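What follows is a short report on a single structure.
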Amino acid sequence: MNHSFTVSRDLLRLQGREQEEFHARAAATATGEFGRTVFVRAVLEVSNYCRENCVYCGMRRDNKALARQRASAERLAELIIEQRPESVTDLNIQTGEDPIAVQEVVLPLIRILRRETNLGISVCLGTMSAPTYAELKEAGATTYIMKFEIGDPRQYAAMQAPGRYEERLEHIRHLAATGWNVSSGFIAGLPNQTEDELLANFDVAAALPLRGCSVSPFIPGESTPVANAANGDIDLTLNSMAALRLMRPDWVIPAVSALNIAGPDNGYRRGLRTGANLATINMTPDDLREDYLLYKRDRFIMTEGRILGAIAAEGLSPSRQSLADYYRARTNGVSDTKVALKAA
Ligand code: SF4
């Protein structure tokens with residue numbers, strides 16, 4: 001960990017040549033930790049029901065325009081077992097905050113995949129009960145993705161981010177304390193977000209027991225109170241990613257698909273140039289994906305071809321070690337992991 005690295009307003013504002021140098025420094029830091037490899041996972045979006053009401057998200061419960069759906073575990077299992085790309089070592093199962101989907105779809109799906117594949121399994125399901133977390137772990141998931149979303153408590157409440165701020169952080173700590181690898185994340189460029197509010201995210205992330213963290217550019221959800229607001233700024237997002245990499249060289253930092261919306265030219269590839277080391281292939285079946293509002297624009301869907309093309313174009317290669325194995329090796333000793341990754 002690089003506890004001496006301080007994220008400043010000046011860094012977040014960088015542009016042009018200085019920005020390129022800053023990103024190159026972050027990318028070199030990632031290379032030093034992980035070699036020139038990127039973890040490749042698949043994501044399945046399983047349910048778009050959500051009991052929360054985040055102002056910025058199209059899946060919020062007040063959005064009556066959205067057709068809600070839950071997928072079937074058997075159908076998704078078949079898709080993953082038979083059609084996942086060879087490069088995929090891990091799977092992330094994602095839902096709105098939907099306890100019914102967790103019981104009826106996610107748990108059975110994890111049990112099937114644990115039996116039939118050696119994929120690392122992560123889940124991104126929102127805040128659940130402690131017994132549900134234990135059931136998920138028992139079924140075979142090892143990583144929990146719980147974004148704290150907004151590091152400033154006042155802005156968190158104003159945006160009606162999930163549950164309550166302190167409760168969200170408490171769940172993250174509980175997950176880590178009960179043996180999960182926890183990854184989190186925050187949003188850059190929310191409407192009216194001040195620089196101080198953005199900077200608060202770094203302090204919150206640094207204080208949490210995390211293995212990784214994402215930065216997502218704000219993308220206004222359709223049929224939300226902020227539907228007409230501007231996208232988060234791509235440079236602000238990329239500078240935040242680079243700062244995060246320099247703050248925590250050992251974290252797994254994803255290049256999120258929304259980089260392509262905030263920066264339609266080459267936002268995703270620029271993300272890989274800031275030291276991001278996780279890419280995600282979207283394997284949600286088409287009929288379900290249509291109701292995930294963010295993905296309606298086809299050219300932003302991260303298919304296998306687009307992901308592998310971007311990785312190769314940046315001179316990187318897919319990791320043969322799964323994220324789950326990487327985390328396991330880290331728990332047993334950092335130096336062994338570095339050797340394993342560089343050999344992969
Ligand atoms: S951000 Fe998550 S918790 Fe909030 S409304 Fe969207 S899906 Fe639900």
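Every number for a ligand or one of its atoms is a count from 1 in the order of the listing. Sequence positions, counted from 1, serve as the residue numbers for this chain. Note that this is a predicted model, so its numbers are computed, not measured.
Between E197 and R154, at least one side-chain nitrogen of the basic residue sits less than 4.0 Å from a carboxylate oxygen of the acidic one, meeting the salt-bridge criterion. Ion pair R75/E78 not flagged as a salt bridge, since none of the NZ, NE, NH1 or NH2 atoms sits closer than 4.0 Å to an Asp/Glu carboxylate oxygen. Between R17 and E21 a salt bridge is recorded (basic side-chain N to carboxylate O distance below 4.0 Å).
Among residue pairs with one or both ends in residues 8-29, none qualify as ring-ring contact (aromatic ring centres under 6.0 Å, His included); sequence neighbours excluded. Sequence neighbours left out, the pairs with a member in residues 129-138 that pass side chain to side chain donor-acceptor pair (under 3.5 Å) are Q103-E135, S129-T132, Y133-H171.
Residues forming a ring-ring contact (aromatic ring centres under 6.0 Å, His included) with F218 (at least two apart in sequence, or on another chain): none.
Of all protein atoms, those that are N, O or S and lie under 2.8 Å from atom 8 (Fe) of ligand 1 total 1.
Distance check for atom 2 (Fe) of ligand 1: every protein heavy atom is found at 4.0 Å or beyond.
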